[in-house]
Student: 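Pasting a structure here, questions to come.
Counting from 1, the numbers follow the sequence of the chain as shown. Side chains are part of it too, since the values below use all heavy atoms of this structure and drop only hydrogens, waters and symmetry mates.
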Amino acid sequence: SLLNDVLWGDKEIMTLLDPPASFCYLYGGLSGENKTMYAGRELEENMMTMNGNLFFFHSKGIFLGASGTWYGDPGEGYSNTILSAGIYRPLNAKKNLNFRASYSHYFYADSDTLDDNPFTNSIGAGLSLRNNWIGGRLSLNMLFGQDFGMNLSPAVFSRLPVIRFGKYNKLQLEPELSVFFGSESVELDQLGSQSGQQGSQTEIATENKYSLLNTQFYIPLCLYIGDFDLELGYSLNIPSSQDENIDYPVKSYFSFSIGYLFPLK
């Protein structure tokens, strides 16, 4: 999800890859959230997340970079490092229909957590279609390592200018509606008897089911000044589950990000 936020979400980095001449960029950023979520589920109560990233872009559509994640109390500090590389290609003459693909490898700070983090690699692919003020995005991610997982996230987004000043500087709203499909472990109640015990006892079994896990409304206010971009956002998550024994509450959180784009001539 970090790659989606940095590369394919509300940022306009990909529009910089359109010039016909060969050009290179470095992009560095820092982002944070006051809650740590996965698919609308809060992992730990009131645990902050901080992400740092540095990426190299080439106008021919190649990118590579690294990102890292820190968790605040009651988390465990620095968590993981992600190394990524990928490509970005326009599919039509207008360059408003684009394809992207990437590979990422995860390094965990605590090797003892490998059992809790069975995924050490991911391959992502996606399509995006946009015009001046509205667009859509489809992202597919396959995770593998000790286990295999897959998730799918369609989204629609918009860019609504609030104030423009200068040729490129602006303040704008970039609302987004997305849904997240993935697998979850669902408890199944089975009634049976166990030897050495009288009567019958309910045994708990689980099954992995692939379904809608979360619907998210994201409303960021973005400020672009020269090569800087700043963002303040509010997210509302409506989680879903196929497990009838679990009812996840609606959760919201605030986020921020700051980034700088450095041209390499």
Side-chain angles (χ1 to χ4, degrees), residues 1-34 49-69 84 86-90 94-98 100 102 126-137 139 153 155-178 216-236 253-265:
S1 66
L2 176 60
L3 284 178
N4 278 331
D5 292 340
V6 173
L7 306 182
W8 324 116
D10 54 295
K11 302 292 189 294
E12 295 182 316
I13 295 177
M14 290 301 101
T15 61
L16 299 173
L17 300 184
D18 291 343
S22 178
F23 215 75
C24 300
Y25 308 86
L26 278 179
Y27 180 83
L30 181 68
S31 62
E33 301 169 352
N34 70 328
T49 300
M50 295 290 294
N51 296 302
N53 58 81
L54 180 65
F55 280 88
F56 168 84
F57 295 92
H58 193 279
S59 56
K60 298 301 182 182
I62 300 172
F63 68 88
L64 56 92
S67 58
T69 303
S84 305
I87 59 171
Y88 170 90
R89 289 285 186 270
K94 293 183 178 180
K95 296 185 179 181
N96 64 343
L97 177 62
N98 300 284
R100 62 188 184 273
S102 63
L127 291 171
S128 62
L129 177 65
R130 59 179 173 82
N131 61 19
N132 291 332
W133 65 277
I134 194 170
R137 182 176 65 248
S139 302
S153 181
V156 292
F157 57 88
S158 182
R159 296 184 176 123
L160 306 173
V162 178
I163 301 175
R164 293 184 181 272
F165 46 99
K167 188 174 181 180
Y168 299 107
N169 302 332
K170 57 187 174 181
L171 178 70
Q172 67 182 22
L173 286 170
E174 300 182 1
E176 178 177 306
L177 170 63
S178 63
Q216 183 185 74
F217 297 91
Y218 179 50
I219 305 177
L221 181 64
C222 306
L223 177 64
Y224 300 96
I225 301 179
D227 293 325
F228 280 97
D229 63 78
L230 301 96
E231 178 182 310
L232 294 176
Y234 172 79
S235 298
L236 178 67
Y253 63 89
F254 293 94
S255 60
F256 81 93
S257 70
I258 181 171
Y260 181 77
L261 186 72
F262 182 75
L264 300 175
K265 297 182 179 181

Student: Just do the ring-ring contact (aromatic ring centres under 6.0 Å, His included) check on F23 and Y25 with the steps written out, would you?
Tutor: CA-CA 7 Å; F23 215 75; Y25 308 86; 5.2 Å; yes
Student: Answer yes or no: is there a side-chain heavy-atom contact under 4.5 Å between R130 and R137?
Tutor: no
Student: Answer yes or no: is there a side-chain heavy-atom contact under 4.5 Å between Q172 and E174?
Tutor: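 Yes, close enough: below the 4.5 Å cut-off.
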Student: If we only count heavy atoms from C-beta on, is the N96 to L129 side-chain gap below 4.5 Å?
Tutor: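 The answer is yes, as the side chains (C-beta and beyond) meet within the 4.5 Å cut-off.
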Student: Compare all side-chain heavy atoms of F57 with those of C24 and state whether any distance is below 4.5 angstrom.
Tutor: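 Heavy-atom side-chain distance check fails, nothing below 4.5 Å.
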Student: To the nearest 0.5 Å, tell me how far I258 CD1 sits from D229 CG.
Tutor: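 With rounding to 0.5 Å, CD1 (I258) is 8.0 Å from CG (D229).
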Student: Backbone N or O of W133 within a donor-acceptor pair of the S158 side chain at under 3.5 Å?
Tutor: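 Between the backbone of W133 and the side chain of S158 there is a qualifying donor-acceptor contact (under 3.5 Å).
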Student: With a 4.5 Å heavy-atom cut-off, do T49 and T69 have their side chains touching?
Tutor: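 Yes, close enough: below the 4.5 Å cut-off.
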Student: Assess the residue pair F157 and L177 against the criterion (side chain to side chain contact (heavy atoms under 4.5 Å, CB included)); give the C-alpha distance rounded to whole Å, side-chain angles, the decisive distance to 0.1 Å, and a yes or no.
Tutor: CA-CA 6 Å; F157 57 88; L177 170 63; over 6 Å; no
Student: Just by distance, with hydrogens left out, do R100 and S139 show a side-chain donor and acceptor under 3.5 Å apart?
Tutor: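 Per modelled atom types, R100 and S139 side chains form a pair under 3.5 Å.
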Student: Is the closest side-chain donor-acceptor distance between Y88 and N98 under 3.5 Å?
Tutor: yes
Student: Under 4.5 Å between any side-chain heavy atoms of S102 and F63, yes or no?
Tutor: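 Touching, per the 4.5 Å side-chain cut-off.
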Student: Name all residues meeting the side chain to side chain contact (heavy atoms under 4.5 Å, CB included) criterion together with R164; count only those two or more places apart in sequence or in a different chain, and write none if there are none.
Tutor: P161, K170
Student: Answer yes or no: is there a donor N or O on one side and an acceptor on the other, between the side chain of R89 and the main chain of K60, under 3.5 Å?
Tutor: yes
Student: What's the separation between atom CD1 in I225 and atom CG in L223, rounded to the nearest 0.5 Å?
Tutor: 4.0 Å
Student: Quick one: are L30 and N51 in side-chain contact, heavy atoms under 4.5 Å?
Tutor: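 Side-chain contact under 4.5 Å: no.
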Student: Report yes if the side chains of L160 and P175 come closer than 4.5 Å at any heavy-atom pair, otherwise no.
Tutor: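 In contact.
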Student: Would you say D227 and Y27 are linked by a side-chain donor-acceptor pair, where the criterion is simply a distance under 3.5 Å?
Tutor: no
Student: Report the residues that fulfil side chain to side chain contact (heavy atoms under 4.5 Å, CB included) with I219, sequence neighbours left out, ordered by chain and then residue number.
Tutor: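 Result, side chain to side chain contact (heavy atoms under 4.5 Å, CB included) vs I219: L173.
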Student: Under a 3.5 Å distance rule, please check whether N53 uses its side chain to pair with a backbone N or O of A66 as donor and acceptor.
Tutor: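 No; judged by distance alone, with no hydrogens or angles, the pair does not exist.
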